[in-house]
Amino acid sequence: VQLQAYGGGLVQAGGYLRLSCAASGRTFSSYAMGWFRQAPGKEREFVAAISWSGGSTYYADSVKGRFTISRDNAKNTVYLQMNSLKPEDTAVYYCAADPSMRGYCSGYGCYGVPDYWGQGTLVTVSS
């Protein structure tokens with residue numbers, strides 16, 4: 001599956017953005033989808049994941065209550081609605097796909113490495 005993320009940009013603290021990730025292929029609905037981010041000088045970190053049906057979601061503690069992941073299987077697209085943005089949310093955001101939610105999270109936490117990755121989209125939050 002090929003992934004194309006877009007929607008990043010510059011926003012003031014407290015503002016919002018919605019990222020989108022369009023997937024190619026007819027099997028999009030069979031993949032669990034997720035978002036990761038990498039801030040300058042930091043390691044990539046998990047942000048959110050959603051099951052193939054949308055019935056299960058996981059969030060990093062740092063974004064819980066502010067970000068919402070969703071998907072539209074008819075449009076082969078996964079979204080990340082980001083509200084109440086903070087300067088520390090500044091990062092390149094990547095979407096990912098994996099056949100299983102275990103590609104993202106397990107009982108030990110969300111340290112998985114999904115099988116497929118898109119290119120990143122830059123989100124900059126100014127203070």
Side-chain angles (χ1 to χ4, degrees):
V1 60
Q2 292 184 323
L3 306 171
Q4 177 81 31
Y6 55 96
L10 174 64
V11 62
Q12 289 188 330
Y16 63 91
L17 277 176
R18 187 174 83 156
L19 304 183
S20 301
C21 176
S24 64
R26 296 177 293 176
T27 59
F28 172 79
S29 61
S30 66
Y31 287 93
M33 301 297 296
W35 290 93
F36 292 74
R37 67 186 181 185
Q38 187 167 20
K42 295 188 177 181
E43 294 186 351
R44 184 177 61 200
E45 64 175 357
F46 168 80
V47 175
I50 187 168
S51 62
W52 68 270
S53 67
S56 295
T57 55
Y58 294 141
Y59 293 94
D61 288 343
S62 58
V63 307
K64 205 171 291 183
R66 300 188 298 122
F67 290 12
T68 302
I69 188 170
S70 62
R71 67 189 296 160
D72 185 336
N73 287 342
K75 295 183 178 180
N76 281 13
T77 302
V78 61
Y79 305 98
L80 186 68
Q81 178 68 41
M82 305 185 294
N83 298 330
S84 302
L85 282 162
K86 304 175 182 180
E88 51 263 45
D89 295 318
T90 294
V92 177
Y93 283 72
Y94 300 89
C95 62
D98 194 275
S100 171
M101 285 290 268
R102 285 189 291 276
Y104 302 93
C105 304
S106 69
Y108 299 100
C110 295
Y111 305 108
V113 181
D115 287 350
Y116 302 98
W117 294 84
Q119 94 299 344
T121 185
L122 176 63
V123 173
T124 304
V125 184
S126 62
S127 57

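Note on Leu19 and Val1: same hydrophobic cluster, where clusters join Ile, Leu, Val, Met, Phe, Trp and Tyr whose side-chain heavy atoms are under 4.5 Å apart, directly or indirectly. A continuous path of ILVMFWY side-chain contacts below 4.5 Å connects Phe67 to Ile50, so both sit in one hydrophobic cluster. A continuous path of ILVMFWY side-chain contacts below 4.5 Å connects Val113 to Tyr94, so both sit in one hydrophobic cluster. Residues Tyr116 and Val78 fall within the same hydrophobic cluster, defined by Ile, Leu, Val, Met, Phe, Trp and Tyr side chains chained together at heavy-atom separations under 4.5 Å. Criterion: ILVMFWY side-chain heavy atoms under 4.5 Å apart, direct or through other members. Under it, Leu17 and Val63 are part of a common hydrophobic cluster.
Looking at residues two or more places apart in sequence or on another chain, you find no ring-ring contact (aromatic ring centres under 6.0 Å, His included) involving Tyr93. Trp117 is linked by a ring-ring contact (aromatic ring centres under 6.0 Å, His included) to Phe36, counting only residues two or more places apart in sequence or in another chain. Listed by chain and number, the residues in a side-chain hydrogen bond (donor to acceptor under 3.5 Å, both in side chains) with Asp115 amount to none (sequence neighbours excluded). Residues forming a side-chain hydrogen bond (donor to acceptor under 3.5 Å, both in side chains) with Asn73 (at least two apart in sequence, or on another chain): Arg71. With sequence neighbours left out, the ring-ring contact (aromatic ring centres under 6.0 Å, His included) criterion links Phe28 to no other residue. Evaluation of the side-chain hydrogen bond (donor to acceptor under 3.5 Å, both in side chains) rule for Gln119 yields no partner, not counting sequence neighbours.
Considering only heavy atoms from C-beta on, Tyr31 comes within 4.5 Å of Pro99 through its side chain. Under the 4.5 Å side-chain criterion, counting only non-hydrogen atoms from C-beta, Leu3 is in contact with Met33.
The aromatic rings of Phe46 and Tyr104 lie tilted to each other, with the angle between the two planes from 30° to 60°.
Hydrophobic side-chain contacts under 4.5 Å tie Trp52 to no other Ile, Leu, Val, Met, Phe, Trp or Tyr residue. In this structure, Tyr111 stands alone, with no Ile, Leu, Val, Met, Phe, Trp or Tyr side-chain heavy atom under 4.5 Å from its own, directly or through other members. Taking Ile, Leu, Val, Met, Phe, Trp and Tyr as hydrophobic and joining them when side-chain heavy atoms fall under 4.5 Å apart, one finds Leu10 isolated, its cluster having no other members.
Applying the disulfide bond (SG atoms under 2.5 Å apart) rule to pairs touching residues 10-63 yields Cys21-Cys95, sequence neighbours excluded. Pairs of residues two or more places apart, or lying in two chains, that qualify as salt bridge (charged side-chain N to carboxylate O under 4.0 Å, His left out) and include a residue from residues 46-61 are Asp61-Lys64. Screening residues 28-45 for salt bridge (charged side-chain N to carboxylate O under 4.0 Å, His left out), with sequence neighbours left out, gives Arg37-Glu45, Arg37-Asp89.
The environment of Tyr79 atom OH is dense: over 12 non-hydrogen atoms of other residues, nucleotides or ligands sit within 6.0 angstrom. More than 12 heavy atoms of other residues, nucleotides or ligands lie within 6.0 Å of OH in Tyr6, so this atom counts as buried by the packing criterion. Within 6.0 Å of the CD atom in Gln2, the count of heavy atoms belonging to other residues, nucleotides or ligands does not exceed 12.
Atom-to-atom distance recorded for Ser127:OG and Lys86:NZ is 14.0 Å, nearest 0.5 angstrom. Note that OG of Ser70 is 8.5 Å distant from CG of Leu80, once rounded to the nearest 0.5 Å. In this structure, OG1 on Thr124 lies 11.0 Å from CG on Leu85, to the nearest 0.5 angstrom. Here the straight-line distance linking atom OG of Ser30 with atom CG of Asp98 works out to 10.5 Å at 0.5 Å rounding.
Shown here for Thr77 and Ala22, the closest heavy-atom pair between the two residues is OG1-CA, 4.2 Å. In plain terms, the two heavy atoms of Ser20 and Trp35 that are nearest each other are O-CH2, 3.6 Å.
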Original post:
What's the verdict on side chain to side chain contact (heavy atoms under 4.5 Å, CB included) for Tyr59 and Ile69, showing C-alpha distance, side-chain angles and the deciding distance?
Top reply: CA-CA 9 Å; Tyr59 293 94; Ile69 188 170; 3.4 Å; yes
